[in-house]
Amino acid sequence: MSQTILNIALDVPLNRTFDYLNGGFTARVGNRVVVPFAGRNMIGVVVGLSETSDFPIEKLKTVSHVFDEVVFDSATFKLLKFCADYYHYPLGQALISALPLRLRQLKPAVSRKAFAYSLLPNADLSQIPAKKVILHRIITALQAAPMQGVAELAFISSGWKKTIIELKSLGLVSEHEVMAVKASMPTSSVEPTLNGEQQQAIQQVLALTHTFKPWLLFGITGSGKTEVYIQILQKILSEKNSQVLVLVPEINLTPQLEARFRSRLSQYSLVTLHSNLSECERLQNWLSASTGAAKIVIGTRLSVFTPMPHLKLIVMDEEHDGSYKQQDGMRYHARDVAMVRAKQQNIPIVLGSATPSLETWHNSTQNNSQKQQYGLLSLKQRAVDNATLPNIFCIDTAKSPTENGLSSLLVKALRERLSRGEQSLLFINRRGYAPVLHCNACQWVAPCMRCSARLVVHLSQKRLKCHHCGHEQKIPLQCPSCGNADLHPTGQATQRLEQTLQTLLPTARIARVDRDSMRNKHALTDLLTKVHNQEIDILVGTQMLAKGHDFPHLTLVGVIDTDSALYSPDFRASERLFAQLMQVSGRAGRAEKAGEVLIQTAFPQHALFQALRSQDYVSFANELLQERKVMQFPPVSYFALLRAEANDYAQVNQFLNKAGNLARQFLTGHLKQDILIYDPVRPQMERLKGMERGQLLLQANSRVALQRLLKSWMPQLRELPIAAKIRWSLDIDPLEF
Ligand code: ADP
Ligand code: ZN
Ligand code: ZN
């Protein structure tokens with residue numbers, strides 16, 4: 001057998017591949033292999049085959065094993081190669097981290113059969129005792145969708161297996177092998193008659209398939225965007241050998257979306273890919289996407305890299321959402337990666353949002369003459385006939401002062417809703433507004449010793465916690481600085497607001513929605529059910545509530561604090577705030593009842609609120625774009641951020657200065673005008689987890705110029721002798737500063 005040399009990518013922080021002898025194994029590009037590396041066995045991926053090596057053949061080691069499965073097809077490989085280049089991240093690490101965890105282990109990928117379950121049409125449910133809660137939950141789920149997979153059932157209860165066996169023995173449920181799910185499953189929900197705008201949007205997209213074409217589906221919440229996606233999918237999937245990738249921000253926050261896709265597209269096998277799955281499910285789902293068996297993949301940002309041999313369309317819902325940006329490892333933005341993927345595979349991509357990111361807006365409007373324009377599809381009306389837009393008012397906190405965070409006008413409005421049996425939602429923008437422990441005598445505020453952050457009071461657990469590094473401690477009885485025993489939490493977070501409300505409105509049934517109260521898997525689903533059954537009067541919560549949930553009896557949205565974001569040093573803060581407030585306003589008045597939004601602010605005249613009042617994203621976005629042009633900020637320029645941290649800031653500063661000087665050496669010819677290199681500065685969060693942090697910003701007037709500089713700079717930066725333990729990373733198109 002002839003010796004072949006395998007070029008293998010490994011999960012090591014070096015920007016190169018490694019040559020090994022095939023040792024009699026037959027290997028193909030895309031195969032997983034096990035190789036000896038630095039005294040241990042590692043998983044690698046074959047990225048090339050050759051006859052020769054730059055190293056002496058006799059010194060090459062031999063692969064220990066080659067697994068049969070090809071984990072990357074050429075399209076996915078090409079995409080990851082592009083990302084490794086663009087984000088200046090080692091290819092091996094980019095490849096390996098795109099695999100499900102199970103495929104990063106030194107084991108073969110065992111593909112077990114996957115099953116799904118459906119309720120038999122003539123099932124007699126009257127025989128089931130009412131006290132069997134899990135059984136009833138699972139039946140309810142099976143009634144809602146014609147077919148439920150293992151992942152969905154596990155989401156409902158960890159005891160689902162026993163329950164399914166019981167249901168099968170009662171003759172109520174039948175089992176199907178998932179790959180065999182084909183037509184003939186009944187569609188349970190009705191298809192609404194599309195309005196003109198929806199019809200037009202669908203027609204335009206379907207007129208240009210099999211070619212790269214980006215679309216922005218721009219429509220307020222409730223304008224029927226999801227309906228548009230569904231009908232586009234129905235058409236595209238009806239062609240032979242079609243797959244569709246649907247990207248969503250955080251799937252566990254949008255169970256309704258998944259359920260709608262499942263019931264409306266029930267004849268096509270659908271898998272989800274997100275962090276709430278077990279590793280085994282994730283592997284199964286990933287494999288069924290990569291074999292082409294799963295026709296629809298709904299997933300969060302990492303699923304943008306899932307191999308899909310018959311991919312015909314990408315849909316990205318809520319494209320403006322910050323969770324599409326990966327914040328460590330390879331810091332990719334799933335929207336940008338999806339765009340590249342669509343281009344490489346020559347397929348259309350639909351981005352949907354009520355408040356598009358300025359990047360996308362810039363590409364979709366006349367502002368921008370040089371670039372590939374995105375097609376703009378606008379849905380201007382709410383889809384449901386009698387749903388009206390909410391009225392938005394500001395409560396001037398200078399005239400109507402707040403007590404414990406609430407103005408009397410807002411409390412009055414809450415009371416009115418309560419007496420009418422309608423629901424209210426209080427929205428807190430928690431960033432920078434969590435309750436801290438404060439000493440009135442000496443103004444001491446409990447700090448985190450490891451971060452430049454304040455500890456947050458968790459009264460129910462009687463503890464102080466750092467939300468950045470996880471540090472926890474007991475609430476001190478006295479001020480450590482002056483000995484004063486009268487310490488108070490200040491600031492208005494969800495827990496405290498809940499208590500205040502309960503005192504003011506003792507009869508109200510109040511529910512709090514934040515990361516703490518929603519830790520349990522089913523907590524959110526259970527809560528949503530309660531809201532629908534009108535067992536709750538007031539919801540208090542953070543961003544989690546702003547996502548696309550439908551609350552037909554909700555008529556009031558109160559916004560507690562936003563002012564810190566109005567004047568934030570982060571240039572994207574007002575863009576984000578506008579998006580959040582639009583989204584949360586969309587919760588009010590979705591059914592027949594008109595909604596009202598009350599915003600407490602000290603700056604009622606601010607342009608942001610004026611735009612919000614007239615629900616005028618377009619002029620607000622255009623104004624922001626104008627500002628960005630004046631300031632030369634993204635999207636009219638391109639940033640790269642070099643971050644560094646160490647125990648000692650002097651070392652960080654020294655490293656960043658060296659790095660900056662090195663980069664300046666490459667600023668020759670055109671690059672001199674195209675790129676600006678700033679001096680090192682400290683970020684807003686100066687210290688994190690005990691590390692002192694610094695950053696160096698590069699600003700360029702084109703991506704090409706920036707990439708040219710990075711190509712010369714990065715290899716030399718990696719070689720730079722570093723005095724002490726400095727950790728650094730590069731963030732292309734950073735979102736946080
Ligand atoms: P979005 O995704 O923009 O928030 P949805 O697609 O969820 O909007 O639509 C909002 C509601 O209106 C849903 O309950 C949906 O079933 C309904 N709907 C959508 N399109 C129509 C239509 N053409 N006629 C009637 N109802 C519709
Ligand atoms: Zn004190
Ligand atoms: Zn901390």
Side-chain angles (χ1 to χ4, degrees), residues 188-202 216-233 246 248-249 254 256-261 263-264 315-319 350-356 377-387 389 434 436-456 464-473 476-488 490 532 546-552 582-583 585-587 589-592 685-691 693:
S188 65
S189 51
V190 280
E191 199 165 300
T193 317
L194 298 174
N195 65 34
E197 289 175 333
Q198 286 174 313
Q199 275 173 16
Q200 245 202 343
I202 294 169
L216 168 61
L217 181 60
F218 169 51
I220 52 166
T221 324
S223 59
K225 296 187 291 300
T226 311
E227 192 55 43
V228 170
Y229 305 146
I230 288 173
Q231 301 214 13
I232 292 174
L233 258 61
V246 180
V248 294
T254 50
Q256 289 171 338
L257 181 105
E258 189 192 330
R260 257 171 92 186
F261 273 74
S263 69
R264 292 289 301 285
V315 169
M316 178 176 262
D317 194 28
E318 310 282 3
E319 67 86 30
V350 179
L351 309 176
S353 178
T355 52
L377 310 165
S378 296
L379 304 181
K380 299 204 176 76
Q381 290 141 27
R382 287 202 172 191
V384 183
D385 299 339
N386 41 9
L389 287 174
V436 294
L437 198 64
H438 179 228
C439 168
N440 281 328
C442 75
Q443 306 308 326
W444 172 85
V445 178
C448 176
M449 294 306 174
R450 308 174 66 211
C451 309
S452 1
R454 288 156 170 185
L455 295 174
V456 175
L464 296 174
K465 294 187 191 178
C466 175
H467 286 190
H468 299 281
C469 73
H471 167 80
E472 279 189 33
Q473 64 186 66
L477 298 173
Q478 301 185 323
C479 171
S481 165
C482 75
N484 172 18
D486 196 20
L487 296 177
H488 290 288
T490 7
H532 275 272
K547 308 272 166 181
H549 304 297
D550 227 336
F551 300 131
M582 273 288 269
Q583 207 164 29
S585 303
R587 300 303 113 225
R590 283 197 78 166
E592 300 73 36
M685 176 79 54
E686 292 189 358
R687 196 171 349 106
L688 185 66
K689 301 181 190 180
M691 300 292 263
R693 312 164 84 210

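Here the structure is a predicted model, which means the values were calculated and not measured. Hydrogens, waters and symmetry mates are skipped; everything else that's a heavy atom, side chains included, is used. In each ligand, atom 1 is the first atom listed, and ligand 1 is the first ligand listed.
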Check your understanding: When you check the space around the Zn ion (ligand 2), which protein N, O or S atoms turn up under 2.8 Å?
Key ->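 Near the Zn ion (ligand 2), the protein supplies C439 SG, C442 SG, C479 SG, C482 SG.
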Exercise for review: Verify the distance test for C451 against the Zn ion (ligand 3): any N/O/S atom under 2.8 Å, yes or no.
Suggested key: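 True for C451.
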Point to revise | Contact flag H471/the Zn ion (ligand 3), N/O/S atoms, threshold under 2.8 Å | key: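 H471 does not place any N, O or S atom closer than 2.8 Å to the Zn ion (ligand 3).
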Practice item. May I have the angle between C448 SG and C466 SG with its vertex at the Zn ion (ligand 3), rounded to 10°? Key: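 Reported to 10°, the angle equals 110°.
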Practice item. Determine whether more than 12 heavy atoms belonging to other residues, nucleotides or ligands lie under 6.0 Å from atom CZ of R693. Key: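 Yes, enclosed.
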**Study point:** Greater than 12 external heavy atoms within 6.0 Å of M449's CE
**Key:**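 It does not: M449 CE has 12 such atoms or fewer within range.
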Practice item. Could you tell me whether G224 and ligand 1 have an N or O pair separated by under 3.5 Å? Key: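 Indeed, backbone or side chain, G224 has an N or O that close.
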Under a 4.0 Å heavy-atom limit, does [X] contact ligand 1 with its side chain, its backbone, both, or neither?
{"X": "I220", "answer": "backbone"}
{"X": "T226", "answer": "both"}
{"X": "Q231", "answer": "neither"}
{"X": "T193", "answer": "backbone"}

Practice item. Can you see which heavy atom on C469 is nearest to which on K689, and at what distance? Key: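 In terms of heavy atoms, the two residues are closest at CB-CG, 3.4 Å.
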Point to revise | Main-chain N/O of E686 paired to S452 side chain as donor or acceptor, under 3.5 Å | key: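 It does hold such a pair.
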Point to revise | Distance in Å, R264 CZ paired with I230 CD1, rounded so as to fall on 0.5 Å steps | key: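 Answer rounded to 0.5 Å: 5.0 Å.
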Of all the atoms in ligand 1, which lie at a distance below 4.0 Å from a heavy atom belonging to [X]?
{"X": "E227", "result": "6 (O), 19 (C), 20 (N)"}
{"X": "K225", "result": "1 (P), 2 (O), 3 (O), 6 (O), 8 (O)"}
{"X": "S223", "result": "3 (O), 8 (O)"}

Practice item. Please check if any side-chain donor atom of E318 sits under 3.5 Å from a side-chain acceptor atom of Q583, or the reverse. Key: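 There is such a pair between these side chains.
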